[in-house]
Amino acid sequence: MTQLPHVFVTRRIPEIGLRLLRAACVVDLWDDDMPPSAQDLRAHASDCDGLLTLLTDRIDGDLLDACPRVRVVSNLAVGYDNIDVAAATARGVIVGNTPGVLAETTADLAFALLLAAARRLPESQAYVRAGQWQTWGPLLLLGAEVHHATLGIVGLGSIGRALARRARGFQMRVLYSGPTRQPDAEAELGVEYAALPDLLRAADFVSLHAPLTPVTRGMINTETLRQMRPSAILINTARGPLVVTEDLVNALRAGIIAGAALDVTDPEPLPADHPLVGLPNCIVVPHIASASGPTRDRMAEIAARNLMAGLRGEPLLHAVNPAAIGIGRQVEPRDYV
Ligand code: GLV
C-alpha cells in the first residue's frame, strides 16, 4: 500500500515536468489542445491534492471550495492573474509560479516585435507574397529607426531589465516607470526613471512589462494613448487587459499612435475578424513570448517541482503566497493502492 498524492495537470506540458510528476504522484492529465471548461476543471480537480494550472485556467475561491483536498496550485507561468491568490491564501492553499527562467526569452520576443513593427516586416512580407514587388523603391515601406531611439519600459522587473540590455546594444535611450525607483538598474543598465506620463511623452517605443493588477488594468487607454507620440509604437508582451482594446483600435485608426505589436490581447484569443488583427499598423501574435523549447522545459520542471514541494509541505522554489504554507490545509494523506 503506497500513498501517492493525486494531481490534475490541465494540459499537456513538456515531458520533463510530466516525468517528474508521474514518479511521485497519480497524474490526471487533460490531454487536449483546448483548456478544460470550468465544469471539467472542477470535476477533475475535486478529488485532487494539487493542481498544475495554466494561465487559461480560472482558479478562484468557489473552485477551491469544491476541491477541499487541494493544498497547492502550481501555475506554469510567471503571471498568476488567473488565480485569486487572496482566496487561495485564505484557504491555506499555496500558489507557485515560474519566474526567472522566461525573462530572457520573453525579452527576445518583445524586441523582435519592436523591430518587426518599426521596420514593418509583416507588411513587407505580405507585399512580396502578394506579388507586388516590382522594383526597389526610394519611398517603399519606410519604417521607424530603432537605433538611438527612446524606449520606454513600463515595469522594470526581470523581463523589463532583459529588454533594457537588448536596447543598449542598439544605443537606445531607455526610460522606465514603475512603483519604485531602481538605483541599481540605473547604475548597471543606464536606464532613467520617468513618471508614466513623462515616459509616454518621450518614448518612440513603449513596452509593457507590468503584472495585471487592479491598479494596472486599463493603464493604456485613450488618455494615456494621447500622451504618446503620434509616431510611437506600443508593444505588449505582458497581459492584454493592461490595454483598453477599443481605445487602442481607435488610436491606431486615428493615427494617435503609429503602431502596436501585441503578444497578448483582451480578449484572448482575438477572433480572426477583430479590427486589431486586420489593421496594417498592428501586429498580433498568439501569446508566444516564452515559447522556446528550452524555456518551456524549464518552466515545466519548476512548475512540477513547485507542485511536489507544496504537496510535501515544503517551501516552493517560487511561491506567490508563501504565508499560506504556515496556514496549510489540513488534509489526511490518502491511501492509494
Ligand atoms: C506568460 O504569459 C507567463 O506569465 O508566463
Side-chain angles (χ1 to χ4, degrees), residues 9-14 16-18 30 33-35 51-60 72-85 88 94-114 153-163 178 207-220 234-243 245 260-270 276 283-307 310 316-321:
V9 178
T10 62
R11 213 90 66 79
R12 278 191 300 278
I13 62 170
I16 184 168
L18 285 178
W30 184 257
D33 291 336
M34 293 302 287
L51 308 178
L52 194 148
T53 54
L54 306 190
L55 53 84
T56 42
D57 303 311
R58 174 84 202 133
I59 308 295
D60 55 18
V72 51
V73 176
S74 174
N75 215 35
L76 184 107
V78 62
Y80 46 86
D81 46 278
N82 57 307
I83 300 173
D84 183 339
V85 176
I94 185 110
V95 176
N97 69 337
T98 65
V101 294
L102 50 78
E104 298 293 336
T105 309
T106 300
D108 282 348
L109 189 91
F111 210 77
L113 287 175
L114 185 158
I153 296 179
V154 180
L156 195 70
S158 55
I159 300 170
R161 286 177 182 229
L163 185 65
S207 191
L208 305 181
H209 299 283
L212 178 61
T213 68
V215 174
T216 61
R217 182 178 286 274
M219 72 191 301
I220 300 298
L234 176 73
I235 298 122
N236 191 3
T237 54
R239 283 292 182 268
L242 297 179
V243 179
T245 299
L262 311 172
D263 181 47
V264 290
T265 58
D266 181 24
E268 200 169 291
L270 276 188
L276 285 178
I283 299 173
V284 182
V285 296
H287 204 149
I288 54 166
S290 66
S292 75
T295 291
R296 287 286 164 83
D297 280 353
R298 286 191 287 268
M299 291 168 68
E301 180 174 354
I302 291 177
R305 291 195 187 282
N306 275 344
L307 183 51
L316 276 55
L317 296 170
H318 299 285
V320 168
N321 60 344

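Note that ligands are numbered from 1 as they come in the structure, with each ligand's atoms numbered from 1 the same way. Predicted model only: the values in this text are computed from it and were never measured.
Leu307 contributes atom CG, which lies 5.5 Å from atom OG of Ser74 (distance to the nearest 0.5 angstrom).
Residues that satisfy the salt bridge (charged side-chain N to carboxylate O under 4.0 Å, His left out) test with Arg305, not counting sequence neighbours, are Glu301. Considering only residues two or more places apart in sequence or on other chains, Tyr80 meets the ring pair (Phe, Tyr, Trp, His ring centres under 6.0 Å) condition with none of them.
Each of Leu55, Ala77, Val78, Gly79, Leu102, Arg239, His287 has a non-hydrogen atom positioned under 4.0 Å from some atom of ligand 1.
By the 4.5 Å heavy-atom criterion applied to side chains, Arg11 and Leu52 are not counted as neighbours.
Only one option out of Leu163, Val154, Leu113 pairs with Ser207 in a side-chain contact (heavy atoms from CB on, under 4.5 Å); it is Leu163.
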Show me the donor-acceptor pairs, under 3.5 Å and distance only, between side chains in residues 236-243 and residues at least two apart or in other chains.
{"residue": "Asn236", "atom": "OD1", "partner": "Ala238", "partner atom": "N", "Å": "2.9"}
{"residue": "Asn236", "atom": "ND2", "partner": "Arg239", "partner atom": "O", "Å": "3.1"}
{"residue": "Arg239", "atom": "NE", "partner": "Asp81", "partner atom": "OD1", "Å": "2.8"}

